[in-house]
**Q** 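Input: one structure, supplied below.
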Amino acid sequence: MTAKPVRVRFAPSPTGHLHLGGARTALYNYLLAKKTGGKFILRIEDTDQKRYVEGAEQEIIDGLRWLGITYDEGPDIGGPFGPYRQTERREIYQTHAKSLVDKGAAYPCFCSAERLEKVRQEQQKRKETPHYDGICRNIAPEEAARRIAAGEKHVIRLRMPQEGTTTAHDHIRGDITVDNKNFDDAILVKTDGLPTYHFAAMVDDHEMQITHVFRGVEWLSTFPLHVNMVRAFGWEEPVWIHLSIFLKPTGKGKMSKREATDALKDGHSIFVKDLKDLGFIPEGVNNWYALMGWGVAEDEVMALDQMAQRFSIDHLTPSPAAINFQKLDHFNGTHIRLLPTAELARRLKPYFRADGLAVDDDTLLKITPLIRERLVTLDDCLAFGAFFFKETVQPTREDLIAKDLDAAQSAAIARRAYQILEAQPDISHARSEAPMRAYVEETGLSPNQVFGIIRVAVTGQKVSPPLFESMEVIGREKVLERLKKAAEILEN
RNA sequence: GCCCCCAUCGUCUAGCGGCCCAGGACGAAGCCCUCUCAAGGCUUAAACAGGGGUUCGAGUCCCCUUGGGGGCACCA
């Protein structure tokens with residue numbers, strides 16, 4: 001493939017949360033730019049004032065930043081092809097619309113939305129495909145100019161060819177040929193003077209010198225329309241790549257609002273913001289959705305820079321992909337284990353803090369290697385390590401009783417463990433394990449039974465990081481104290 | 001209804017006419033390791049939607065059927 005530097009763009013509309021599909025489109029753009037030494041642009045498509053959501057643009061920016069998908073030009077950082085918000089580019093669209101009208105490739109249409117709606121309903125009643133009836137198509141330019149000058153409300157429509165076919169080329173799907181009679185004369189500029197997506201996107205992609213366009217398959221049906229527009233201008237076409245959508249885990253249909261809520265209850269989400277809050281790390285998240293639609297033969301675990309090296313638009317797949325949250329868990333856990341200890345500790349800290357625990361860095365650094373391979377998400381650290389930061393633990397009597405033993409026997413073991421450990425000069429892993437194993441030997445019980453009692457006594461839970469390492473971190477004082485308390489609980 | 005797209009293990013995918021009795025990953029099952037839970041190692045089960053062509057030869061090319069998805073707005 002070409003190593004020529006590309007100019008690519010992610011162009012979301014600020015109408016909701018940044019989700020998986022958007023993030024993946026952004027990622028592929030970013031990857032291609034990095035791979036070729038090109039530029040990646042963020043452009044905000046905010047021409048629909050009705051659907052505009054306050055804060056959505058910021059969420060997109062924050063989400064991309066968190067994911068590590070950085071852009072070279074964008075609304076918040078500027079760039080040589082700005083502005084990067086479409087509402088700030090009105091004049092540019094006006095100019096281009098005028099040039100198209102002058103060429104006769106577009107024309108003003110004075111039909112009201114109400115009339116069009118009526119026409120549409122009548123067509124549907126007659127079981128016809130709804131379409132614009134084209135009555136303004138043949139208004140003489142002079143008359144149109146007069147009506148515009150008189151202040152009559154109008155839109156600008158593209159004069160689409162009414163016969164023949166249009167063939168457009170998609171990089172992963174090949175040629176797509178459609179009969180031109182299936183197309184309406186699409187609206188380019190709305191009554192409010194703002195461009196529609198169709199128009200604004202084509203104009204901006206040209207103005208910003210975009211070489212490759214990644215977008216969702218929802219644009220595939222209007223693809224020939226866009227190509228016609230670009231050709232009407234006489235512009236060079238970019239390489240088009242239509243990415244498939246994500247299906248819900250069952251593979252039947254898109255994720256619904258309800259299913260998104262259910263996923264959240266299960267600790268998963270299709271929204272970037274949630275994923276962050278849920279304790280997923282960008283490395284894991286990126287790796288996960290990158291591979292839904294990009295086929296890699298082997299060695300699937302990759303960081304962003306490795307992905308950029310290996311990325312190719314020739315290995316993108318056209319078929320829709322069902323979301324698999326189990327795989328997200330896998331990638332997340334894998335990338336957590338790949339993090340250097342100090343870095344992981346740094347990321348874990350806020351989760352302990354949020355739980356109201358007094359975290360000291362020294363302890364945090366010691367326990368990080370102990371809990372690391374047990375984490376699927378960052379907030380799992382609480383389940384495995386919260387007790388390290390607590391003064392006391394509250395084991396239940398039930399948990400303290402080992403399998404096949406009774407309370408008195410278990411208490412005796414706790415007492416004996418106390419004596420053995422107290423006799424040691426310190427409670428380091430090296431010092432504690434050997435005598436304890438010797439004791440297990442002596443009793444004829446299983447390590448599981450004996451260590452189980454001590455684990456519950458010392459950590460307050462049945463599942464914990466390795467016992468001896470844990471005791472070393474907890475410290476001699478507290479370990480002995482907790483052992484004694486456990487014996488008392490059992491003896492009552 | 002009309003138009004367009006898609007189709008390999010349960011899921012994500014490799015495969016771009018012979019290298020494939022189809023490879024990897026997640027998940028599942030079993031074994032090993034083991035103080036719990038994990039992590040790790042090994043092993044197993046699991047797929048070319050169906051039918052026609054083209055070709056010496058098809059998962060790979062063409063057509064049809066079926067199934068799935070998307071679109072048919074002064075929304076993106």
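Quick note on labels: first sequence line is chain A, next is B, and so on, each numbered from 1.
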**Q** Of the listed nucleotides (G27(B), A73(B), U36(B)), which one gets closest to any side-chain atom of Arg120(A)?
**A** A73(B)

**Q** For Val296(A), answer base if it contacts any base atom (sugar-phosphate contacts may also be present), sugar-phosphate if it contacts only those atoms, and nothing otherwise; contact means non-hydrogen atoms under 4.0 Å.
**A** sugar-phosphate

**Q** Arg437(A) side chain N/O closer than 4.0 Å to the phosphate oxygens (OP1, OP2) of C35(B)?
**A** yes

**Q** Hey, does the side chain of Ser244(A) come within less than 4.0 Å of C5(B)'s phosphate (OP1/OP2), counting only N and O?
**A** no

**Q** Counting only side-chain nitrogens and oxygens, does Lys252(A) get under 4.0 Å of the OP1 or OP2 atom of U11(B)?
**A** no

**Q** Which value, in whole Å, describes the distance between the P atoms of nucleotides U8(B) and G68(B)?
**A** 14 Å

**Q** For A45(B), give the paired nucleotide (Watson-Crick: N1-N3 plus N6-O4 or O6-N4; G-U: N1-O2 and O6-N3; both under 3.5 Å), or none.
**A** none

**Q** Can you tell me how far C1' in C16(B) sits from the matching atom in A22(B), rounded to whole Å?
**A** 15 Å

**Q** So Leu291(A), base contact, sugar-phosphate only, or nothing? Heavy-atom distance under 4.0 Å.
**A** sugar-phosphate

**Q** Let's test your reading of the model: under 3.5 Å, does the base of C5(B) pair with the side chain of Arg173(A) as donor and acceptor?
**A** no

**Q** Under the 3.5 Å rule, do the base of G24(B) and the side chain of Glu300(A) count as making a donor-acceptor pair?
**A** yes

**Q** Name the nucleic acid region contacted by Glu469(A), choosing base, sugar-phosphate or nothing; use a 4.0 angstrom heavy-atom cut-off, strictly under.
**A** base

**Q** Under 4.0 Å between a side-chain N/O of Ser464(A) and OP1 or OP2 of U36(B), yes or no?
**A** no

**Q** Using the P atom as the point on both nucleotides, what is the distance between U43(B) and C26(B), in whole Å?
**A** 14 Å

**Q** With P as the reference atom in both, quote the distance from A46(B) to C32(B) in angstrom, rounded to an integer.
**A** 23 Å

**Q** So, Arg157(A) and Asp184(A), do they make that salt bridge, N to O below 4.0 Å?
**A** no

**Q** Can you identify which nucleotide, out of C12(B), A7(B), A25(B), has its nearest atom closest to the Ala321(A) side chain?
**A** C12(B)

**Q** Given that Val463(A) and Gly253(A) both sit by RNA chain B, which one's nearest nucleotide is further toward the 5' end?
**A** Val463(A)

**Q** Under 4.0 angstrom, heavy atoms only, what part of the nucleic acid is Trp219(A) near: base, sugar-phosphate, or nothing?
**A** base

**Q** How many whole angstroms separate atom CG of Asp380(A) from atom P of A39(B)?
**A** 11 Å

**Q** When you check the gap from the basic side-chain N to the acidic O, do Arg231(A) and Glu237(A) get nearer than 4.0 Å?
**A** yes

**Q** For nucleotides G10(B) and C4(B), find the distance between their P atoms and express it as a whole number of Å.
**A** 31 Å

**Q** For Glu343(A), is there an ion pair with Arg347(A) - N to carboxylate O distance below 4.0 angstrom?
**A** yes

**Q** Check every strand shown and say whether Ser112(A) touches a base, only sugar-phosphate, or nothing at a heavy-atom separation below 4.0 Å.
**A** base

**Q** Is the shortest distance from a Lys or Arg side-chain nitrogen in Lys125(A) or Glu122(A) to a carboxylate oxygen in the other one below 4.0 Å?
**A** no

**Q** Is there a side-chain polar atom (N or O) of Lys50(A) under 4.0 Å from OP1 or OP2 of A73(B)?
**A** no

**Q** Heavy atoms under 4.0 Å, any strand shown: does Glu298(A) hit a base, just sugar-phosphate, or nothing?
**A** sugar-phosphate

**Q** When you get a sec, tell me which of C37(B), C2(B), G71(B) is the closest nucleotide to the side chain of Phe384(A)?
**A** C37(B)

**Q** Looking only at the aromatic ring of each residue, does the gap between the centers of Trp219(A) and Tyr197(A) stay below 6.0 angstrom?
**A** yes

**Q** With a non-hydrogen cut-off below 4.0 angstrom, is Gly295(A) in contact with a base, only sugar-phosphate, or nothing?
**A** sugar-phosphate

**Q** Sort out the partner of U36(B) for me: Watson-Crick or G-U wobble, both distances under 3.5 Å, none otherwise.
**A** none

**Q** Just checking Thr191(A): base, sugar-phosphate only, or nothing, at a heavy-atom cut-off of under 4.0 Å?
**A** base

**Q** In terms of side-chain geometry, is the basic nitrogen of Asp185(A) or Arg137(A) positioned less than 4.0 Å from the acidic oxygen of its partner?
**A** yes

**Q** Report the nucleotide, chosen from C2(B), G10(B), U36(B), that has the shortest atom-to-atom distance to any side-chain atom of Asn324(A).
**A** G10(B)

**Q** Could you please name the option among C12(B), G70(B), C6(B) that lies closest to any side-chain atom of Ala322(A)?
**A** C12(B)

**Q** Write down the distance separating the C1' atoms in A47(B) and G23(B), rounded off to the nearest Å.
**A** 12 Å

**Q** C61(B) and G18(B): how far apart are their P atoms, nearest whole angstrom?
**A** 12 Å

**Q** Tell me what Pro465(A) touches on the nucleic acid: a base, only sugar-phosphate, or nothing, going by heavy atoms under 4.0 Å.
**A** base

**Q** Using a 4.0 Å heavy-atom cut-off, does Cys111(A) contact any base of the nucleic acid, only the sugar-phosphate backbone, or nothing at all?
**A** base

**Q** U66(B) pairs with which nucleotide, Watson-Crick or G-U wobble, both distances below 3.5 Å?
**A** A7(B)

**Q** Could you check whether His315(A) gets within reach of a base, just the sugar-phosphate, or nothing at all, counting any heavy atom under 4.0 Å?
**A** sugar-phosphate

**Q** Nearest to the side chain of Thr196(A), which nucleotide is it out of U36(B), C75(B), C3(B)?
**A** C75(B)

**Q** Taking only the C1' atom of each, what is the distance from G67(B) to A49(B) in whole angstrom?
**A** 8 Å

**Q** Could you tell me whether Asp380(A) and Arg374(A) make a salt bridge, using a distance below 4.0 angstrom between a side-chain N and a carboxylate O?
**A** no

**Q** Arg416(A) vs Gln419(A), test: side chain to side chain donor-acceptor pair (under 3.5 Å). Steps then yes/no.
**A** CA-CA 5 Å; Arg416(A) 183 70 189 125; Gln419(A) 290 173 347; 2.8 Å; yes

**Q** Is there a Watson-Crick or G-U wobble partner for U60(B) with both distances under 3.5 Å, and if so, which one is it?
**A** none

**Q** Which nucleotide sits closest to the side chain of Lys327(A): C3(B), C74(B), C26(B)?
**A** C26(B)

